[in-house]
Every structure is written in C-alpha cells, then in structure tokens.
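This report concerns only the one structure given below.
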Amino acid sequence: MSQGLAGYVIRRLLWTVPVIIAISILVFLLLRLAPQDPIDSLLGQRYDEEIAERLRQKYGYDRPLHIQYLKYVQNLFQGDLGVSTKHGDFSVAEVIIPKIRVSAGMGIMAIVLVFGLGIPVGVYAALVRGSFLDPLIIGFWLLIDSIPVFVSAVVAPWLFALQLGWVDLTYEGVLHPNIILPVFVMSLPGVAGVARLMRASVIQVSNEEYVRTARAKGLRERTVVVSHVVRNALLPMITAIGLSLPGLFAGSLFVELLFGIPGIARESLQAVLGFDFDVVLGLVLFGSVLFVLANILIDIAYGFIDPRIRITAARGG
Amino acid sequence: MSTVVAPLETGDLGTRPAPRYRFLRELVRKKIAMVAIVLITIFYLAGILAPWVSTSDPNYQRLTIEERLDTPSSEHWFGTDAAGRDLYSRVVYSARTTLIFTLVVILTGSLVLGLSLGLLAGYRGGYIDTAIMRVGEVLSGVPTLLLMLAISAAFRTRLNDVAFWLKDNTFLGDDARAVVPFLIIVGAALPFAWIGSARIVRSQVLAIREQEYILAAETIGASTTRLLIRHVFPGVLPIFLVGISASMAGIAGGEIALSYLGLGVDPSTPSFGTLLGNAGGVRTFQEYPHMLLVSGIPIILFFFSWNLLGDALVDIVEPRTYRR
C-alpha cells in the first residue's frame with residue numbers, strides 16, 4: 001500500500017515539472033518582453049547609451065531570448081539563481097536568504113497565533129451553536145478579517161504606540177518584543193478562516209455515529225468533546241496548516257512596508273519595480289516549488305493518519 | 001472519498017419547489033444575510049449612481065489653505081484631501097471603480113473561464129481534467145500578489161504609447177488614459193480568478209454526473225453542450241454563487257492593493273487603493289484621521305458584507321452545519 005502512495009507522489013511530482021517549467025518560461029518572457037529592463041532602472045537619469053550597452057553585454061541581456069533562458073536553466077541546475085542587478089551583483093541567494101529568514105521568523109509566529117486562536121474559537125462556536133454567541137463570535141472574527149492590512153497597520157501602531165505608548169515601532173530584529181505588533185496585525189485576519197473551518201469540522205464530526213455511541217455509553221460530555229469530537233475534527237486542519245506553510249516564506253507585503261521590516265515581501269516589490277530579473281524569477285520559482293511540496297506533504301500526512309484515504313490516494317483519486 | 005448515492009425521490013414531485021427556489025427562500029430567512037445584501041446594494045448603487053449622488057467633481061482641486069485637508073463639514077461631507085479634492089465624491093467614484101473591476105473579473109474570470117473549464121474538467125475527466133486542475137494548482141501556488149505586480153509593472157511601461165494610440169484610433173477618446181491601466185490590472189487578476197470557481201464547479205459536476213437524470217438525458221441523446229447547460233449547470237449554480245461571494249473580497253482587494261502601491265488604476269481614477277495610499281502612515285493618521293476613516297470604513301463594510309453573505313450561503317448549501 002505504501003508503494004501505491006509512493007507511486008502517487010511520484011506521479012504528482014512528474015506532473016508538476018512541466019507546469020513549473022511553463023511558469024518559469026512565462027515569467028521569464030513577461031520580464032524580458034517588457035519594454036524596460038534592469039539596466040534602464042539601474043541607470044535611471046544618468047542613462048548613457050554606451051554604458052547601457054556594455055552592462056547589457058555583461059549580464060547577457062543582448063543575447064537572443066532562448067539562449068538567455070537556457071543559460072538561466074543551466075545555472076539553475078548548478079544551484080546558481082543568478083545575480084541581482086539592483087544589489088550590486090550580489091548573488092540572488094545572498095540577497096534573498098537573510099530576508100526570507102526575517103519573514104519566515106514572523107511567519108512561524110503568525111501561524112502559531114492563527115491556529116492557536118482559530119482552533120479554540122471554532123470549537124467554542126460549534127459547541128454554542130444555536131445560541132446567539134455562535135454568529136456573534138464568527139461575525140466578530142469575520143469583521144477583523146475584513147479590515148485591510150494597510151488600514152490596521154496604520155491604526156494599530158497609532159493606538160498602541162502613539163496613544164497608549166505600550167510598544168515601540170522601530171524594527172530591532174525578529175526576536176525583539178517590538179515584533180509583536182506587526183505579527184498580530186498580519187495574523188488576526190487569518191483567524192476567521194481557521195475558526196470557520198474548525199467549526200464546520202466539529203459540527204460534522206458531532207453527527208458521526210461513534211460520537212453518539214460515546215454519549216450512549218455514558219461518557220462524560222467533556223471526554224466526548226475532547227477525545228472523540230475535537231481529535232477527529234482536527235483532521236482537516238492538516239490541509240489548512242500545510243497550505244499555509246508556503247506563505248511562511250512569502251511574508252506580508254503591507255506589514256513589512258508599513259512597519260519597515262526588511263523582509264522578503266518588501267524585497268519582492270522592489271525587485272519587481274526595479275526589473276531585477278533574476279531575483280523576481282528566483283522568488284516566483286521558490287514560491288511555486290514550496291507550494292507543490294506542501295501539497296505533496298499534505299497528501300503524505302493524510303496517508304499516514306487516515307488509512308482510508310491512503311487507499312483512495314493510491315488509486316489516483 | 002466515498003460516493004453517496006442519493007435515493008430516488010418519489011411521491012409528490014409536482015408540488016416540491018425546485019432547489020433554486022428553496023435556495024432563495026432560505027436566503028431570505030437569514031437576517032444577517034439580508035443585512036449584508038442591503039449593505040452591498042447600497043455600495044453598488046452608490047457606484048452606479050456616482051455622477052448623480054456625488055456632490056462635486058472627484059478630481060476638482062481646491063488649492064487654498066482653508067480647503068485643503070479639510071475635516072468633514074456640511075460642504076464636504078467626508079472632508080478634503082491634500083489636493084483639496086472632495087473625499088465624499090472620491091469615495092463614491094471609488095465604489096464605481098470597485099464595482100466595475102469586480103464585475104469584469106467575475107464575469108470573465110469566474111463565470112466564463114472558471115465555469116467552462118470546471119464543467120469541461122469535471123465532465124470530460126481524464127487528461128483534460130488533470131491538465132486543467134494541475135495548471136490551476138500551480139497557479140494558485142505562485143505568490144499571487146508578486147505575479148500580479150510583475151504583470152502590472154511589465155505592461156505599464158508601454159502604457160502611454162498604448163493610451164495615446166487608443167485615444168487617436170478608437171471611440172474611447174480621453175477615457176483611454178484610464179482604461180488602459182484598468183485593463184492591465186484585469187489582465188493581472190484573470191490568471192487567478194478562474195481557479196476557485198473551476199474547482200468548485202468540477203467537484204459538483206463529478207457528483208451530479210452520476211445522477212439518474214443526467215443518465216436519462218444522455219440516453220435520449222442530448223448533446224454534451226445541451227447536457228452541460230440544461231442539466232448540469234442548474235445543479236452547480238447554488239454552490240457556484242457561494243464560491244463567488246466568498247472570493248469577492250479577495251478580487252476587490254487585489255485592485256485595491258495594486259492601486260495602493262501605485263501599480264493599479266490611473267492616479268486620476270478614484271480608487272479605495274489610492275485613497276488609502278494617500279491617507280498615509282501613522283503620523284498622517286494622527287494629524288488627519290478623517291482621510292483614512294472615510295475611505296477605510298466603507299471598504300471594511302464592503303468586505304464584511306461579502307464575508308457575512310458568503311458565510312450565510314455556506315450554511316444554506318451545507319445544511320449539515322446549520323445554525324439552528
């Protein structure tokens with residue numbers, strides 16, 4: 001049976017190879033065919049035709065497109081993502097890895113917060129369904145979810161730093177307490193989604209026969225809820241957690257912009273605006289590969305936890 | 001994944017209302033959903049009627065000290081911005097931008113692309129299905145905002161040339177300057193707009209395909225197109241609407257985020273993104289809170305209404321999680 005799972009994973013992996021190649025070609029063409037290139041944005045006002053020509057030669061932008069692409073892929077297979085024109089020829093890895101560290105650090109805290117709040121909120125809402133509390137709780141978190149980050153990232157610092165003076169706004173690294181406010185601002189909108197998913201899952205599990213059996217044999221309500229309902233209702237959370245993993249490394253653009261955090265999302269924006277070819281391409285590929293891996297991990301996790309799913313998965317369902 | 005075979009309904013088939021009407025009746029019964037629909041309607045009406053309900057030209061600048069950065073008053077209901085433009089009128093016209101953008105993206109992306117690809121994938125199955133769904137899977141894995149930024153940035157540099165060409169060669173005239181960036185952001189949103197609805201439609205088609213009435217229609221020789229449109233589509237419709245209302249905030253948010261960064265609509269076109277961008281950072285908020293509040297509250301209510309409506313619709317379509 002595990003061979004079936006392995007076959008399934010291999011088939012999935014094989015399917016993603018052409019799609020990722022297609023994405024890389026698309027993004028490559030999108031950037032290269034735009035009437036602007038990194039040299040334009042690098043030289044800006046001091047544009048000199050001769051210098052521009054020499055720079056284009058240096059980076060190989062004067063060669064035919066297919067040669068440029070093949071060269072890129074060749075370097076890629078040697079673990080070389082290219083160089084950043086904007087950051088004075090530092091390699092892409094040197095530019096993005098420190099920033100990914102920052103974003104991932106915040107991302108881990110955000111995931112813990114989102115699920116740490118969302119799961120209990122969802123369970124509670126499911127347990128009090130039928131009363132006014134359920135729609136009130138879910139409605140409250142939906143309201144939080146509806147506040148755009150570029151509004152909350154202005155109002156929250158104003159309230160907590162300028163009015164109440166509880167926090168400082170300077171960025172002092174991921175492990176400094178100053179990071180708490182931006183992490184809250186980026187996480188709280190996500191709670192509603194997790195809470196709703198958990199609520200629906202708890203309600204669905206509550207209708208299962210084995211829960212009725214547990215009640216019928218006289219188990220205490222607490223035991224029924226904790227070990228029969230909630231434990232099983234956590235299953236769909238695997239998908240939710242798995243799918244949020246790639247986001248760990250993506251960062252939150254508006255939080256990084258408005259709080260002045262040197263994360264990867266801000267770097268992505270600057271790379272796009274400066275047409276920093278290799279950095280943009282590297283980031284898109286990195287994100288896509290992470291997403292595919294996360295999806296496969298989810299499938300494998302289910303295979304281990306729930307043998308019923310393993311059979312369906314092995315059949316390619 | 002088990003296949004549930006629904007028992008054939010017998011008895012008073014004639015008096016039972018069609019599922020579509022049941023869907024509507026359940027919706028009317030939900031108070032929160034109705035409040036959300038009313039709020040959404042007000043927002044959209046403001047957008048449609050913008051030229052009539054606005055009190056001033058949204059782009060008219062009043063560059064005097066008294067009229068710049070004015071707080072709300074009887075003359076300027078929402079105050080004015082740094083260029084002395086009437087914020088109430090700008091908010092109303094921003095609603096129009098959001099309205100047009102969401103409508104275009106939903107119609108082309110979710111409805112035309114998403115529905116047809118979803119129907120195709122679910123009904124045909126096999127290689128077509130795998131190809132469509134895998135492309136969708138990887139597309140939804142690409143950092144969406146990053147790719148939208150890249151698409152938008154890549155096409156913007158040619159913006160002026162195209163706008164002038166359109167102005168001279170088509171009926172658009174002076175509107176061309178606003179239309180081109182708008183089309184660019186629609187184009188940036190489309191690759192991502194179809195995925196969600198295609199997925200929903202496909203899974204519904206898979207469930208419906210096995211029902212007896214489809215088999216019956218197939219047996220009497222209905223063509224694939226007829227089968228899809230007459231028999232499969234009505235069954236898919238309710239859950240498709242749920243998907244759309246759930247994705248609405250995200251679609252509208254895409255335009256707002258791009259415009260906030262200056263990569264969305266033309267700066268002369270009012271948009272919640274540019275309004276919120278102009279409302280600035282913490283210090284500006286401290287000094288002139290009205291700028292953020294008057295544009296922030298409408299858009300929060302808009303997102304909130306769609307979220308509430310989506311939540312209520314899920315309850316109707318998934319009766320097992322009913323709030324009773």
Side-chain angles (χ1 to χ4, degrees), chain A residues 15-16 18-20 22-23 27 30-31 33-36 40 126 129-130 134-135 138-139 142-143 145-148 150-151 154-155 157-158 161-162 169 192 196 199-200 203-204 207 246 250 253-254 257-258 265 268-269 272-273 275 280 283-284 287-292 294-295 309 312 317, chain B residues 1-2 32 130-131 134-135 137-143 145-147 149-158 161 249 253 256-257 260-261 263 272-273 276-277 279-286 289 292 295-296 299-308 310-311 314 318 320-324:
Chain A
W15 250 109
T16 56
V19 185
I20 286 187
I23 284 200
V27 176
L30 182 72
L31 292 168
L33 292 181
Q36 205 187 353
D40 292 321
R129 73 178 178 282
D134 170 25
I138 297 293
L142 282 177
L143 178 62
D145 185 24
S146 310
I147 304 175
F150 35 82
V151 173
V154 172
V155 177
W158 171 79
L162 293 189
L169 289 179
R196 277 165 71 182
R199 176 183 169 278
I203 292 175
Q204 198 168 359
N207 294 333
L253 179 60
F254 293 101
L257 280 179
L258 287 158
S268 325
L269 177 68
V272 166
L273 294 180
F275 283 87
V280 176
L283 286 171
V284 170
S288 316
V289 171
L290 272 182
F291 180 77
V292 169
N295 264 307
I309 298 169
T312 336
Chain B
M1 270 159 244
S2 61
I32 295 178
T130 321
R134 286 292 175 272
V135 169
E137 189 175 283
V138 176
L139 265 182
S140 62
V142 182
L145 191 59
L146 178 62
L147 205 61
L149 282 170
I151 295 174
S152 183
F155 285 99
R156 283 183 84 76
T157 39
R158 264 300 192 31
D161 306 348
I256 293 171
Y260 183 94
L261 297 168
L263 288 169
F272 284 107
L276 290 167
V282 182
R283 296 285 168 193
T284 319
F285 181 67
Q286 169 103 332
L292 189 79
S295 47
I299 201 64
I300 290 172
L301 284 179
F302 177 74
F303 286 162
F304 189 39
S305 306
W306 277 111
N307 280 338
L308 284 178
D311 194 46
V314 170
E318 288 276 343
R320 285 221 282 178
T321 56
Y322 255 174
R323 291 198 177 103
R324 278 267 157 82

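Lettering of chains follows the sequences in order, A, B, ..., and the numbering in each one begins at 1. Heavy-atom basis, side chains included; hydrogens, waters and symmetry copies ignored. Not measured: the values here are computed from a predicted model.
- With rounding to the nearest 0.5 Å, the separation of CD1 in A:I147 from CD1 in B:I299 is 12.5 Å.
- Contact annotation for A:L143: both backbone and side-chain heavy atoms come within less than 4.5 Å of a heavy atom of chain B.
- At a 4.5 Å heavy-atom cutoff, A:L290 makes no contact with chain B through either its backbone or its side chain.
- Heavy-atom distances place no part of B:A249 under 4.5 Å from chain A, backbone and side chain included.
- At a 4.5 Å heavy-atom cutoff, A:V289 makes no contact with chain B through either its backbone or its side chain.
- Only the side chain of B:L276 comes within contact range of chain A, with heavy atoms under 4.5 Å apart.
- For B:A279, no part lies under 4.5 angstrom from a heavy atom of chain A.
- Minimum interatomic distance between B:N307 and A:S146 (heavy atoms only, all atoms of both residues): ND2-OG, 3.1 Å.
- The structure places OG of B:S305 at 11.0 Å from CG of A:L142, a figure rounded to the nearest 0.5 Å.
- From B:I300, atom CD1 reaches atom CG of A:D145 across 11.5 Å, with rounding to the nearest 0.5 Å.
- Nearest heavy-atom pair, B:G296 versus A:V151, reported as atom, atom and distance to 0.1 Å: CA-CG2, 4.4 Å.
- Interatomic distance, B:L149 CG to A:L273 CG, rounded to the nearest 0.5 Å: 7.0 Å.
- At a 4.5 Å heavy-atom cutoff, the contact between B:L261 and chain A is made by side-chain atoms alone.
- Heavy atoms only, all atoms of each residue included: B:I32 and A:P135 are closest at CD1-CB, 4.1 Å.
- Taking the six-membered ring where tryptophan is involved, the planes of B:Y260 and A:F150 are essentially parallel, since the angle between them stays under 30° and well short of 60°.
- With a threshold of 4.5 angstrom between heavy atoms, A:L30 approaches chain B through its backbone and through its side chain.
- The choice from A:L162, A:L258, A:V284, A:V280 that makes the most heavy-atom pairs within less than 4.5 Å of chain B is A:L162.
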